[in-house]
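Comments concern the structure below.
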Amino acid sequence: MTLDIKICGLKTEEAVAAALEGGASHIGFIFFEKSPRHVSVAEAARLRGAARGRALAVAVTVDADDASLDTIVAAMQPDVLQLHGRETPDRVAELRTRYGLPVMKAISIRDAEDLAAIAPYRGVTDRFLLDAKPPAGAELPGGNGIAFDWAILASLDADVDYMLSGGINAGNIGAALQMVKPSGVDVSSGVERAPGEKDPEKIRAFFRAVRALDSRGAA
Ligand SMILES: O=C(O)c1ccccc1N[C@@H]1O[C@H](COP(=O)(O)O)[C@@H](O)[C@H]1O
């Protein structure tokens, strides 16, 4: 199975181009005003245009209301909705039906007990995004550049389809994929030069690191 790679928090044409050239399967746009990666709906719509047919565009939202989601979906036409807040299973099911789009529900992980949060969403989310739990007092529910202990995932049921997220970068992707077998990985601050500023060279380095694993049959 090929590993999906999502480069998240894109704000510039240059960064989108680097992600597409690297072979990203997904590109993510953040609709969360407190984030340094926040983009306007119009900008995301423009940037995702370049990727149409090359990578799936993911709208990342945090407890967004229907009016905001209607605007995002109509203007940007995402391929996937990433729900990165406290959306309940009922809300996830409702949004999946309302927009007819695949949904990826983010679950925050710090300890093995956090895996219990997965079960209520089985059957209502198309895929999980397993991300590190933000530190106490953090403003952002994701994009904090923190990895969790991937060994925790050893007890996960084999049929849980997930992207691995949280503090992934070119330097640790090899170790991560030796330990766990996600269907995809999601990278944001690990390919930045400063919060919210993607570094095309770091994006390229990330893809080189994945390809090196691929040639050893590890990805
Ligand atoms: O990146 C953000 O600013 C963000 C804001 C609100 C919700 C989610 C956000 N990012 C998501 O978190 C993962 C992990 O980020 P990182 O690699 O640890 O920096 C990222 O891929 C986004 O999906």
Side-chain angles (χ1 to χ4, degrees), residues 3-12 15-16 18-19 22 24-41 43-44 47-48 55-65 68-69 72 78-87 92 95 102-110 114 125-135 137-150 153 162-173 175-177 180 182-199 202-203 205-207 209-210:
L3 181 75
D4 282 348
I5 298 180
K6 171 168 169 261
I7 306 292
C8 201
L10 298 171
K11 296 199 305 187
T12 64
V16 170
S25 58
H26 295 66
I27 53 171
F29 299 95
I30 305 282
F31 299 102
F32 185 62
E33 285 184 8
K34 290 181 189 161
S35 170
R37 305 174 187 94
H38 173 74
V39 276
S40 69
V41 174
E43 193 57 3
L47 291 171
R48 76 89 74 226
L56 298 178
V58 182
V60 180
T61 63
V62 181
D63 299 317
D65 59 22
S68 310
L69 286 166
I72 292 166
D79 299 298
V80 180
L81 277 183
Q82 179 175 324
L83 304 176
H84 216 108
R86 296 175 183 272
E87 300 86 3
V92 173
L95 294 177
V103 165
M104 183 154 68
K105 177 72 187 99
I107 304 287
S108 299
I109 311 281
R110 183 181 301 137
D114 295 321
T125 189
D126 295 274
R127 198 177 205 178
F128 288 94
L129 181 91
L130 303 185
D131 192 9
K133 195 170 265 189
E139 284 238 290
L140 303 178
N144 292 300
I146 301 170
F148 64 95
D149 177 7
W150 307 307
L153 302 183
Y162 69 97
M163 274 199 178
L164 183 69
S165 181
I168 309 267
N169 55 49
N172 66 13
I173 183 66
L177 295 181
V180 291
S183 58
V185 293
D186 183 356
V187 185
S188 185
S189 47
V191 290
E192 290 181 343
R193 60 171 77 93
E197 261 185 66
K198 288 288 177 292
D199 180 340
K202 285 193 178 179
I203 294 175
F206 184 75
F207 282 104
V210 174

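Every number for a ligand or one of its atoms is a count from 1 in the order of the listing. The model shown is predicted, which means the values in this text are computed figures rather than measured ones.
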Using a strict cut-off of 4.0 Å, indicate which atoms of ligand 1 neighbour a heavy atom of [X].
X: Pro141; result: 6 (C), 7 (C)
X: Ser35; result: 2 (C), 3 (O)
X: Gly166; result: 14 (C), 18 (O)
X: Ile30; result: 1 (O), 2 (C), 4 (C), 5 (C), 9 (C), 10 (N)
X: Ser165; result: 13 (C), 14 (C), 21 (O)
X: Val62; result: 6 (C), 7 (C)

Which segment of His38 sits under 4.0 Å of ligand 1 when only heavy atoms are counted: neither

Within reach of ligand 1, part of Ser189 (heavy-atom separation under 4.0 Å): both

Close approach, Gly28 and ligand 1, non-hydrogen under 4.0 angstrom: no

Close approach, Lys34 and ligand 1, non-hydrogen under 4.0 angstrom: no

Nearest-neighbour protein heavy atom for atom 21 (O) of ligand 1, which is reported as residue plus atom name and distance: Asp186 OD1, 2.7 Å

Nearest non-hydrogen protein atom, atom 12 (O) of ligand 1: Gly143 N, 2.9 Å

Leu129 N/O under 3.5 Å from ligand 1 N/O: no

First locate atom [atom1] of [X], then atom [atom2] of [Y], and finally report the distance between them rounded to the nearest 0.5 Å.
X: Arg48; Y: Leu10; atom1: CZ; atom2: CG; answer: 12.5 Å
X: Leu81; Y: Phe31; atom1: CG; atom2: CZ; answer: 10.0 Å
X: Asp131; Y: Arg110; atom1: CG; atom2: CZ; answer: 12.0 Å

